[in-house]
Structure formats: C-alpha cells, structure tokens
Amino acid sequence: MVQQWNPQSMKGLCPFHKESHPSFSFNRKDYTARCFSCGQTTDTIQALMDGEGLTFTQAAKKLFELAEIDVLWEKTYQDKAYRYPHEEGELTQDVIDYAAKRKISEATLRKCGVQSDGNGNTVFPYRDDNDVLLTVKYRPAHRITKGSGESKTWAQKGADTSQVLFNMNRCSPDYPLVICEGEFDCLAVYEAGYHNVVSIPSGATGLQFIDRCFDWLSQFEELILAGDNDEPGQKFNQQATTRLGAWRCKTVVFPDGRNDCNEVLYYDGKEALMSLIRDAHETPIPSVVDIMTVKAADLALMDGIETGIAPLDAALGKIYYSTITLVSGKAASGKSSLISSIICHCMDEGNVVFLYSAELNAATNRSWLDYIFAGPRHVLSSMSSKGTPFYRVESDVSDKISTHYGGKCFLYKDGASPNIDDLIRTSEDVVRRYDCKLLVFDNLMTITSGDEEELVSQKNIMTKLTAFAVKYNVAVILVLHLRKEAAGTTVTLDSLSGTAKLGNLAHRSITLERIRPDDKATPDALKNMDLKISILKDRMRGKTDVIGVWYDEMSRRFYTSPEELDYQYSWDKQHYDKPLVWPHDDNEEVFGKIERGA
C-alpha cells in the first residue's frame with residue numbers, strides 16, 4: 001500500500017523501502033510507477049499480482065476484464081503420459097510458525113502459494129508460467145539436525161517432476177529476475193519486497209532448469225543470480241552466467257558470515273537484502289582482466305576431457321577446457337577412429353558432445369560410435385562372397401547404446417551451412433542449452449568463412465574457434481589433413497594442410513601415422529605396434545612425445561593394454577567371467593584376425 005498518496009502530483013511514499021519524503025511517482029503514459037530514491041519500478045500487472053496475490057496469467061486476465069476487453073485464451077496443453085502431482089492442503093499453523101522463525105510472514109507464504117501436507121511439512125508447488133502444477137516438493141517445518149539422517153527435501157510420491165522454477169508463474173519478464181538456490185531464499189527476497197524472484201528445483205549442481213525454461217528465461221533482459229555464499233553456490237553463478245549470457249547476468253555478493261538470502265533477511269533485515277539485490281555486481285568485461293587477480297594455472301586441478309588411451313592421457317593430462325587441439329594425419333591413418341574414441345569416452349563420462357562432420361554422413365558417424373561402444377565382444381564378423389571381411393554390431397546392443405546415450409551427442413545436420421559463423425551460432429546454442437563440453441569439427445577444409453583467400457580464411461576460422469573455446473570454457477578439436485608432400489617424410493607442424501601458422505594458433509597439435517617396418521624415425525619399442533600418435537606441440541605441458549597404439553579392426557578401438565581392448569562402457573551391464581585373449585603374446589595375433597592399420 002502506498003502511503004501519503006497525492007492524486008494531483010501522483011506521488012507517495014515508496015512501499016519498497018522506508019522513507020519520509022514521497023519519491024514514488026506514477027507515469028500516466030506507460031502506466032508504470034518508479035521510486036526515484038531506491039530505483040524500484042512496478043506496473044499495473046505487477047500491482048495486481050502484489051495487491052491481490054495473483055499469478056502473472058491471472059493478473060493479465062484480470063486486467064483485460066477491468067478494461068472490458070474480450071480475449072480468447074488458449075487452453076493449456078496436457079501431456080497424457082505425464083503423472084501430474086495433486087494439490088496439498090491449506091497452510092497449517094506449524095508451517096506458518098516455522099516460516100516466522102525464518103522471518104517469513106504468513107502473507108508471503110500465501111502469496112507464493114505455499115501449502116501444507118498436514119503432517120508438519122512445508123509444501124512448495126512448482127507451476128509453469130501457465131499456472132500448471134508440474135512438481136510438488138516437501139520440506140519439514142522444523143530445523144533439521146546434521147547427521148540425523150532426516151531428509152531435507154523430497155518430491156511427491158507417485159508423481160513426475162519437471163525442471164520448472166518455483167514462483168515463475170508470479171514473475172513478469174518486464175523486470176529483472178532474481179534466481180535463488182532454495183525456496184526459502186526465494187521467499188526471503190519476496191518478503192524483503194522484491195517479488196520477481198524464483199528458486200531452482202535441484203540445488204546448485206542442477207542446471208537442467210535452463211533447458212526446460214530456456215524460452216521463458218530468454219524474455220528477461222536482466223538476471224540476478226543469488227547462489228549461496230559457498231563453493232557450490234559460486235560455481236552455480238559462474239556456470240549459469242555462461243549459459244544464460246554474461247551480458248545480462250548480475251551476481252549477488254553476500255557479506256562475510258552470510259550464506260544466503262534468508263540469512264541476510266534474518267540477521268540484517270529487509271532493507272539489507274534489498275540493497276544486495278540492487279547492488280548486484282555486473283559480470284566483468286570478458287576481454288579485460290587484471291592479471292594480478294588471476295590464479296596461476298595448476299594442470300592437476302584443471303578440468304577437461306580424457307581420451308581413454310592411458311599413455312596418451314599420461315602425456316596430455318587431459319584435453320583441457322578453454323583449449324583447441326589440432327588432430328591431423330595422412331589418409332587412413334586413424335583420425336576418425338581416434339576422434340570417435342574420444343567422443344565415446346566423453347559421452348560415457350556423462351558429458352555432451354557436438355560433432356560437425358562433413359566427410360561422413362550421420363549414419364556412418366553413428367556406426368563408428370557403435371563399433372567402439374560395442375567392443376570386440378559385441379561385433380560380429382562375416383565374409384562376403386568375394387572373401388572380404390565385414391563387421392556389424394549386434395542389433396540389440398545398438399538399441400541399448402541408443403537408450404543409454406540419448407541426448408549426449410548432437411550432430412550438425414547433413415547439408416546444413418558449413419559457414420563458420422553458422423557453426424559458431426549452432427555451437428553456442430548447444431553449449432548453452434545442453435551444457436556441451438566437447439566440440440569436434442571434422443575438418444577444416446570443409447568449413448567456409450566468406451574470405452576469398454584460403455589461408456586468410458583458415459586463420460580466421462582458427463581464431464574464431466579458439467575464442468569460442470575460451471569464452472564458453474569447452475574443449476574444441478579441429479581435424480586437419482596433411483600436405484601431400486608430407487607423404488613419406490617425418491611429420492612436423494609445417495606438414496599440416498594450410499598455413500603453417502595454424503599449428504602455432506592451436507594449444508596442441510597431434511598427428512597420427514601408420515608404423516612402417518622401415519620407419520627409422522619410430523622408436524624400436526613401438527615398431528611392433530600399428531600406429532604412433534605424435535604430440536607435435538603442447539602449450540599446456542611444454543613438451544612433445546610419441547605414443548604407440550594397436551588397432552582392432554573389428555571394434556575400431558585403439559588400445560595399449562588388455563583393459564583398453566576389452567573396456568566395458570557403462571551401457572554394458574553384463575558380467576564376463578573370461579577375459580579376451582590378448583592378441584600380442586609372442587608377436588602372434590590369436591584374437592580373431594586383427595589387421596594392422598585403421
């Protein structure tokens with residue numbers, strides 16, 4: 001309620017903070033009101049939501065009714081396969097009393113739709129922006145003792161859950177949106193006087209709400225992230241900022257000794273919490289940093305993608321995030337096998353991959369992954385009428401792979417634009433929506449940039465991919481061919497197809513070669529192996545190296561040990577009593593017929 005309202009000047013005391021001189025003014029042109037002291041703004045719909053406890057949709061309908069305008073509202077779509085939760089009961093005194101101990105009023109509980117189950121538990125209904133109830137969460141209406149084993153929160157039994165946001169149906173896209181970790185933090189912000197606030201459904205480690213609410217969140221010009229003042233909360237702020245857009249994200253910075261919004265409300269009061277929201281820090285300019293504020297890199301702590309080939313991982317550490325790695329090799333040297341192996345290992349670790357492949361179509365790319373996932377135990381060997389061996393994955397195994405890894409690898413559609421700017425735009429969408437961590441581009445020669453001069457085009461492509469890797473903290477692999485004159489010669493950075501500067505622009509450069517018996521450049525210890533992987537350049541570790549690997553033609557796996565040859569990916573739940581026969585004892589290939597080469 002606005003106190004000391006003057007209908008002539010259209011001013012009154014601000015309802016959002018304490019003041020003695022009217023600074024809350026109504027604008028007749030756009031039907032908005034703004035406080036010129038604290039900066040808080042509201043409009044007609046927001047006033048209806050605040051004054052009458054309506055949701056955004058209800059307030060919009062009420063406004064049309066007051067204006068006597070007939071509107072045909074679309075019916076809400078109901079998913080017949082979804083198990084919708086049921087409503088719980090009205091607020092009970094034990095829930096109201098517990099919230100009061102946390103400085104949350106009964107009025108706030110009612111306006112935010114909080115309920116009770118009649119068993120001493122607080123109920124938080126999660127509704128989408130159309131007021132459809134999709135998730136119901138419960139929390140005991142009392143303090144939970146650490147180590148007691150009592151559940152802190154749980155979802156309604158027998159009902160499905162959806163990654164919608166608590167209180168999103170009461171928020172307007174015309175104002176900045178505050179995103180909190182927990183429901184009581186959301187209620188605390190609402191209690192303090194800022195009502196455009198939501199909480200996430202799965203805690204600091206769950207960013208799936210971005211996928212589910214992506215279009216709804218895209219309406220907001222400003223987002224204020226209020227993750228808790230601990231390591232998970234700060235990591236949430238950083239990761240959410242990357243995916244939601246640094247240009248529109250601010251972060252609430254809590255004072256020492258205060259962990260979240262509810263603690264600030266409890267110990268410091270409403271105005272202190274409102275000040276933190278108003279003073280939320282803008283995301284720093286991405287291209288500018290004070291180097292003395294940068295912590296020196298510790299490769300042991302840096303995150304990234306492993307290849308699954310033990311000696312290669314020992315040499316590289318990881319394919320680190322924020323880096324670009326070049327992979328090159330002569331024709332039939334095993335580039336596709338290595339790339340597919342890395343993709344499979346990345347997916348098996350639970351990460352999402354984006355693949356641009358101009359030389360292999362979607363079906364062929366899928367088959368490469370299936371061979372590696374299946375392994376020698378699940379690949380069948382046959383002979384054609386002409387005596388040519390061919391291989392196929394067991395059909396039920398392929399189905400299991402599809403089920404297990406669905407949503408983990410996204411392929412750029414065959415025939416889609418190969419222009420680097422289109423690829424970057426698609427990559428941004430995949431990274432932001434699906435939290436993709438590895439992006440593979442195969443290969444450079446098939447990507448266009450609009451530059452007529454080939455070497456300039458290649459350099460620009462490399463520069464854009466490198467910038468993308470750094471901006472989104474992802475690992476990028478770019479595949480190159482070798483120059484024709486490199487055949488039969490020792491491979492160096494100058495052997496890469498295109499300008500020699502490409503190797504210098506990358507963080508790492510790796511090349512694959514078949515091992516020939518007469519190859520004097522290959523160490524004697526590797527000459528009984530099929531291929532060698534040479535690390536030509538490594539800015540991260542500052543050294544070069546050569547690793548030998550064997551190749552299993554049936555499963556298209558690279559391996560250096562029995563464990564790698566018989567590696568059991570997570571889709572395969574079967575227990576095997578007997579190990580595969582190791583095919584290299586006494587230099588005899590006794591495991592089926594393993595041809596050299598890739």
Side-chain angles (χ1 to χ4, degrees), residues 202-208 210-211 232 235-236 238-239 242-243 298-325 327 336-357 365-366 368-375 377-378 397-398 400-411 427 430-442 469 472-477 507-508 510 533 540 547 549 555-561 563-574:
S202 303
T205 58
L207 296 180
Q208 299 91 335
I210 297 178
D211 303 342
K235 188 174 183 180
F236 163 76
Q238 295 170 1
Q239 292 179 336
T242 298
R243 296 187 62 191
D298 184 346
L299 293 182
L301 299 178
M302 287 182 63
D303 208 354
I305 304 297
E306 294 183 343
T307 67
I309 303 171
L312 185 57
D313 287 329
L316 293 175
K318 295 177 182 177
I319 301 176
Y320 295 108
Y321 296 149
S322 296
T323 68
I324 182 167
T325 300
V327 174
S336 294
S337 291
L338 179 62
I339 292 300
S340 298
S341 295
I342 296 172
I343 290 174
C344 287
H345 193 76
C346 183
M347 293 167 62
D348 202 57
E349 291 294 312
N351 295 307
V352 176
V353 181
F354 171 72
L355 172 62
Y356 162 77
S357 177
N365 274 298
R366 169 61 195 270
W368 278 86
L369 300 183
D370 274 6
Y371 281 122
I372 294 170
F373 275 133
R377 293 185 185 272
H378 299 289
V397 167
S398 185
K400 291 178 181 178
I401 291 170
S402 295
T403 300
H404 190 77
Y405 297 106
K408 291 299 182 185
C409 184
F410 295 92
L411 179 70
S427 299
V430 172
V431 169
R432 291 174 59 194
R433 179 163 291 196
Y434 303 114
D435 199 20
C436 174
K437 289 300 183 184
L438 174 65
L439 298 96
V440 179
F441 299 87
D442 185 8
Y472 289 100
N473 191 34
V474 295
V476 171
I477 296 177
H507 296 91
R508 283 170 161 166
I510 300 171
I533 302 175
M540 309 304 293
I547 294 96
V549 295
S555 64
R556 303 185 184 181
R557 287 185 177 186
F558 286 133
Y559 63 98
T560 62
S561 66
E563 292 77 17
E564 289 175 356
L565 175 61
D566 196 19
Y567 184 79
Q568 191 169 348
Y569 284 94
S570 60
W571 71 266
D572 188 359
K573 308 301 182 183
Q574 187 172 344

Can you tell me which residue among Val353, Leu369, Ile339 is in a side chain to side chain contact (heavy atoms under 4.5 Å, CB included) with Cys344?
Leu369

Steps toward ring pair (Phe, Tyr, Trp, His ring centres under 6.0 Å) verdict (Tyr567, Tyr559):
CA-CA 9 Å; Tyr567 184 79; Tyr559 63 98; over 10 Å; no

Between NZ of Lys235 and CG of Leu207, what distance do you get to the nearest 0.5 Å?
9.5 Å

Are Tyr472 and Ser322 close enough that some pair of their side-chain heavy atoms sits under 4.5 Å apart?
no

According to side chain to side chain contact (heavy atoms under 4.5 Å, CB included), who are the partners of Lys318, at least two apart in sequence or on a separate chain?
Asp303, Glu306, Tyr320

Arg508 side chain vs Leu316 backbone, donor-acceptor pair below 3.5 Å
yes

Between Met302 and Tyr321, does the side chain to side chain contact (heavy atoms under 4.5 Å, CB included) criterion hold? Intermediate values first, please.
CA-CA 8 Å; Met302 287 182 63; Tyr321 296 149; over 6 Å; no

Side chain Thr242, main chain Gln238, donor-acceptor under 3.5 Å:
yes

Kindly give the heavy-atom pair with the smallest separation between Ala204 and Phe236, and that separation in Å.
O-CB, 3.6 Å

Nearest heavy-atom contact between Leu338 and Phe558 is N-CE1, 3.3 Å

CD1/Ile342 to CD1/Ile319 distance, rounded to the nearest 0.5 angstrom?
4.0 Å

Minimum side-chain heavy-atom gap Leu439-Ile477 below 4.5 Å:
no

Treating Arg557 as the side-chain partner and Ile372 as the backbone partner, does any N or O pair qualify as donor plus acceptor under 3.5 Å?
yes

Take Gln568 and Glu563 through the side chain to side chain contact (heavy atoms under 4.5 Å, CB included) test and state the conclusion after the steps.
CA-CA 9 Å; Gln568 191 169 348; Glu563 292 77 17; over 6 Å; no

Side chains of Tyr434 and Phe354: closer than 4.5 Å at any heavy-atom pair?
no

When you compare the side chain of Cys346 with that of Glu349, does any pair of heavy atoms fall below 4.5 Å?
no

Could you please spell out the steps behind the ring pair (Phe, Tyr, Trp, His ring centres under 6.0 Å) verdict for Tyr569 and Phe373?
CA-CA 6 Å; Tyr569 284 94; Phe373 275 133; 5.1 Å; yes

Side chains of Asp435 and Val352 in contact at under 4.5 Å (non-hydrogen atoms)
no

Restricting to non-hydrogen atoms, name the atom on Ser570 and the atom on Tyr405 that form the minimum distance, rounded to 0.1 Å.
OG-OH, 3.5 Å

Between atom CZ of Phe410 and atom CG of Leu355, what is the distance when rounded to the nearest 0.5 Å?
12.5 Å

What is the minimum heavy-atom distance between Asp313 and Gly308, and which atoms define it?
OD2-N, 3.0 Å

Atom pair CD1/OG1 of Ile547 and Thr560 - distance to nearest 0.5 Å:
10.0 Å

Quick one: are Leu438 and Asn351 in side-chain contact, heavy atoms under 4.5 Å?
no

With side chain to side chain contact (heavy atoms under 4.5 Å, CB included) as the test, would you mind laying out the steps for Cys436 and Val474 before giving the verdict?
CA-CA 8 Å; Cys436 174; Val474 295; 5.9 Å; no

Any donor-acceptor N/O pair, His507 side chain to Ile324 backbone, under 3.5 Å:
yes

Let's go through Thr403 and Trp571 carefully: what are the C-alpha distance in whole Å and the side-chain angles of both, what is the deciding distance for side chain to side chain contact (heavy atoms under 4.5 Å, CB included) to 0.1 Å, and is it a yes or a no?
CA-CA 9 Å; Thr403 300; Trp571 71 266; over 6 Å; no

Beyond-backbone contact of Asp572 with Val397, side-chain heavy atoms, under 4.5 angstrom
no

Any heavy-atom pair between the side chains of Arg366 and Ser398 that's under 4.5 Å?
yes

Kindly compute the distance separating CG (Leu301) from CG (Asp298), expressed to the nearest 0.5 Å.
4.0 Å

So CD1 of Ile210 and CZ of Arg432: to nearest 0.5 Å the spacing works out to 9.0 Å

